[in-house]
Amino acid sequence: MLSTNLTISKKIAVAFGCVLFIVATTSIFVFGAVRRAETAAKAYGQANQVIADFERAIATQFDESHVVRGYLLTNGVARHAMLYHKDVQEFARHLGEARAHAAGNPAMLAELDKLETANINWRHEIGDKEIALGHDPKTLPDAIAIARSAHSSEMMKAFRAVAADARAKFHAWADAAHDSEANTMWFMQLSQIIGTLLALMVAVIAGYQLSRRIAFPIRILNNCMKALADGNTRVDIPRMGEGDEISEMVDMVQTFKTNAIEKDRLEAEAAERRRQAEEERVRQEIETQKYIDAHNRFVGAITGALERLSEGDLTCRMSEAFSEEYEKIRANFNVSADKLQQVMMSVAANTHAIRSGSTEIAVAADDLSRRTEQQAASLEETAAALGEITSTVRKTANGATHAREVVSVAKSDAEKGSGVVRRAITAMSGIEKSSQQIGQIIGVIDEIAFQTNLLALNAGVEAARAGDAGRGFAVVASEVRALAQRSAEAAKEIKGLISASTAQVEEGVDLVAETGKALERIFTQVAEIDTIVSEIATSAQDQATGLQEVNTAVTQMDQVTQQNAAMVEESTAASHTLSLESEELTKLVGRFRVGEHGASQGDQVVAMRGGGKSTPRPALKTVAQRGSAKPQVRQQQDEWEEF
Amino acid sequence: MSGRELMAFRIGAQEFCVDIMAVREIRGFTPATPLPQSPSYVRGVINLRGAVLPIIDLAARLGFGTSETSARHVIMVVQVGQQAIGLLVDAVSDILTVSGDAVQPTPDVASEMAKSFVRGVLAIDGRMISLITLDNVLPALESEAA
């Protein structure tokens with residue numbers, strides 16, 4: 001029923017789902033049955049109500065026939081007729097109520113329609129006629145005849161038949177509705193019982209399955225885990241569940257078991273390793289003791305050798321053999337002692353060299369001291385000469401500044417001169433203009449003289465025409481003409497003078513313009529001179545400043561030279577001390593026993609130095625000599641580095 | 001009898017003179033209106049106080065070439081017969097009063113044509129002045145006069 005590869009939660013959900021499904025189905029059945037029973041009960045109630053109304057209507061119909069009879073019996077008492085009409089209304093009301101109750105049931109309504117038809121037929125044929133005839137005493141017998149007639153009883157019988165038929169049908173419907181209700185109730189109870197039984201059965205099966213597939217395996221696993229916790233690694237874990245939590249739990253417990261077995265194995269291995277380590281330690285202690293013995297023996301030997309070395313015996317060697325790790329140290333010691341011996345020999349030789357060198361240094365320092373003093377004296381003279389040069393240059397600078405001022409005055413004068421020239425040109429052009437105006441005026445005068453001359457000639461003509469009477473007039477005319485001619489000549493002379501003056505003025509304008517140009521050139525040149533003089537002044541100033549700096553530098557040099565002289569004095573003293581010290585060093589080096597070979601080498605070097613010193617030489621050559629001495633020193637240094 | 005009066009004038013550097021009685025008036029030069037198809041020595045006409053006055057370039061008429069006129073040129077209005085004409089001359093010099101014998105006849109070396117213009121020559125104070133006759137100045141007038 002429950003698949004084995006579902007998880008526990010799904011298993012539980014499936015079990016409860018089945019039970020719930022059955023309960024829900026049962027409830028749906030029961031609900032449907034209840035609804036049907038309710039419908040049947042309603043139909044039954046409806047049928048009963050219709051029957052009640054129906055019975056009342058029939059009773060009213062019978063009452064109508066009784067009232068008609070009563071009416072006929074009492075010979076048309078109006079009260080009976082009124083009752084008859086009232087019964088007719090009553091019948092209609094009851095029938096209306098029956099219809100209202102039977103609404104929605106066409107078969108019932110049809111039966112009611114039949115009943116109404118029967119009632120209307122009876123009233124038309126019998127009731128209404130009897131009431132109408134019974135009213136009048138004359139027609140009363142006709143009415144009684146109708147009542148007694150067979151037709152009347154047939155009509156009544158037909159009504160009764162219709163009523164009986166309808167009643168039978170209504171009762172049959174009511175019984176059918178009742179039976180249906182009873183059937184539905186029975187079905188409902190049956191559904192309830194079956195549903196309950198099914199649900200119980202499913203619940204029991206599901207419970208059994210769940211306990212078999214969940215609770216049982218968990219109990220087994222619990223026991224297995226208890227055993228594992230107690231340290232029992234041989235416990236057997238059965239395979240249970242497939243694809244659900246149980247199988248996973250089984251796998252886990254299996255893993256716990258595997259881990260426990262692995263842990264036991266690892267502890268056993270660790271114990272084994274500790275035992276081996278202990279053995280190893282014991283063996284090593286024994287070997288260490290052996291080492292310590294060899295070491296002590298070696299240390300004793302090397303201590304003795306080193307003591308001899310410290311006493312200055314460089315010929316000491318370690319001849320005894322040791323274990324192989326000390327053999328290398330012994331060899332190194334012997335090589336070191338050899339090297340030390342050689343070095344000491346070299347030191348002894350070089351000590352002699354140093355002694356002779358220091359003596360040379362002392363002599364050189366004396367020379368240096370003397371020359372430094374000379375240099376100081378020269379520097380003082382230089383400083384004095386520089387001071388003079390500086391003052392000269394300063395004078396030059398002042399002169400240049402003065403020249404610049406003078407030149408700027410000349411420049412402003414030249415500027416003023418060109419202004420004057422411009423004014424002169426303007427004045428000249430004014431003169432020119434005036435001359436032109438004068439010329440025009442002279443022209444006018446000349447014209448007047450010409451016209452006057454003409455007038456005088458005309459006057460002369462007139463006077464000649466007048467003959468003797470005009471003779472005096474002719475004289476006047478000739479005088480006037482003479483005046484006119486004189487004025488014309490004067491005008492001509494003035495014109496000549498004016499034109500000459502104009503020409504001169506033009507020449508003057510040209511000259512003045514040229515003067516202006518010359519002044520412009522002078523102005524430009526003066527400006528150039530100004531620039532040049534300014535540059536000279538600046539240069540002179542710069543020179544003065546530069547010379548001042550040179551002066552300062554020379555003063556500093558002087559001071560430095562003085563200090564150098566003092567330092568040279570000190571170094572001279574130091575060099576003397578150095579030669580004394582080198583003597584001392586020679587004595588100290590002599591304390592080392594280095595064998596015969598080294599001593600002879602040192603003497604050889606000293607002898608060579610002594611030969612070098614004995615030759616007199618110029619001061620400069622000292623440097624060359626020192627240069628030649630350098631390679632030997634270098635060689636010794638190399639040896640030290642090798643060591 | 002003191003003799004006759006002559007009006008002396010210049011054409012270029014040469015001096016000429018006419019009888020003063022022939023002279024009506026002396027005027028400054030005014031530009032003349034040229035007449036079409038007129039001889040080269042006729043400058044044209046000017047308006048003299050409402051009357052039309054023909055102007056003769058005397059230099060051209062005498063064969064010295066056409067004058068270059070300026071404001072200093074002078075027009076001498078003379079009466080030739082009934083006709084008043086203006087003679088364009090360079091300048092009017094002065095009025096000469098000379099005796100009758102001062103006028104020397106024109107030398108024979110001159111042609112007839114020259115003689116028809118120059119009646120005589122005056123030599124006064126180192127000057128040489130030709131006396132012009134005005135009768136032949138205008139050819140048309142000459143024919144009219146004849």
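A, B, ... follow the sequence lines: proteins, then strands. Residue 1 opens every chain.
Both the backbone and the side chain of A/E447 come within less than 4.5 Å of a heavy atom of chain B. For B/E25, the parts lying near chain A are the backbone and the side chain together; criterion is any non-hydrogen pair under 4.5 Å. For B/M21, the parts lying under 4.5 angstrom from a heavy atom of chain A are both the backbone and the side chain. When heavy atoms are compared at a cutoff of 4.5 Å, A/R465 approaches chain B by way of both its backbone and its side chain.
Not counting sequence neighbours, the partners of B/R119 by the side chain to side chain donor-acceptor pair (under 3.5 Å) test are B/T133.
For the residue pair B/S93/B/E15, the side-chain donor-acceptor check at 3.5 Å is satisfied.
Taking both residues in full, the closest heavy atoms of B/I11 and B/A59 are given as CG2-CB, 3.5 Å, listed atom of the first, atom of the second, then distance.
Under 4.0 Å is where a charged nitrogen must lie from a carboxylate oxygen, and between B/R72 and A/D446 at least one such pair does.
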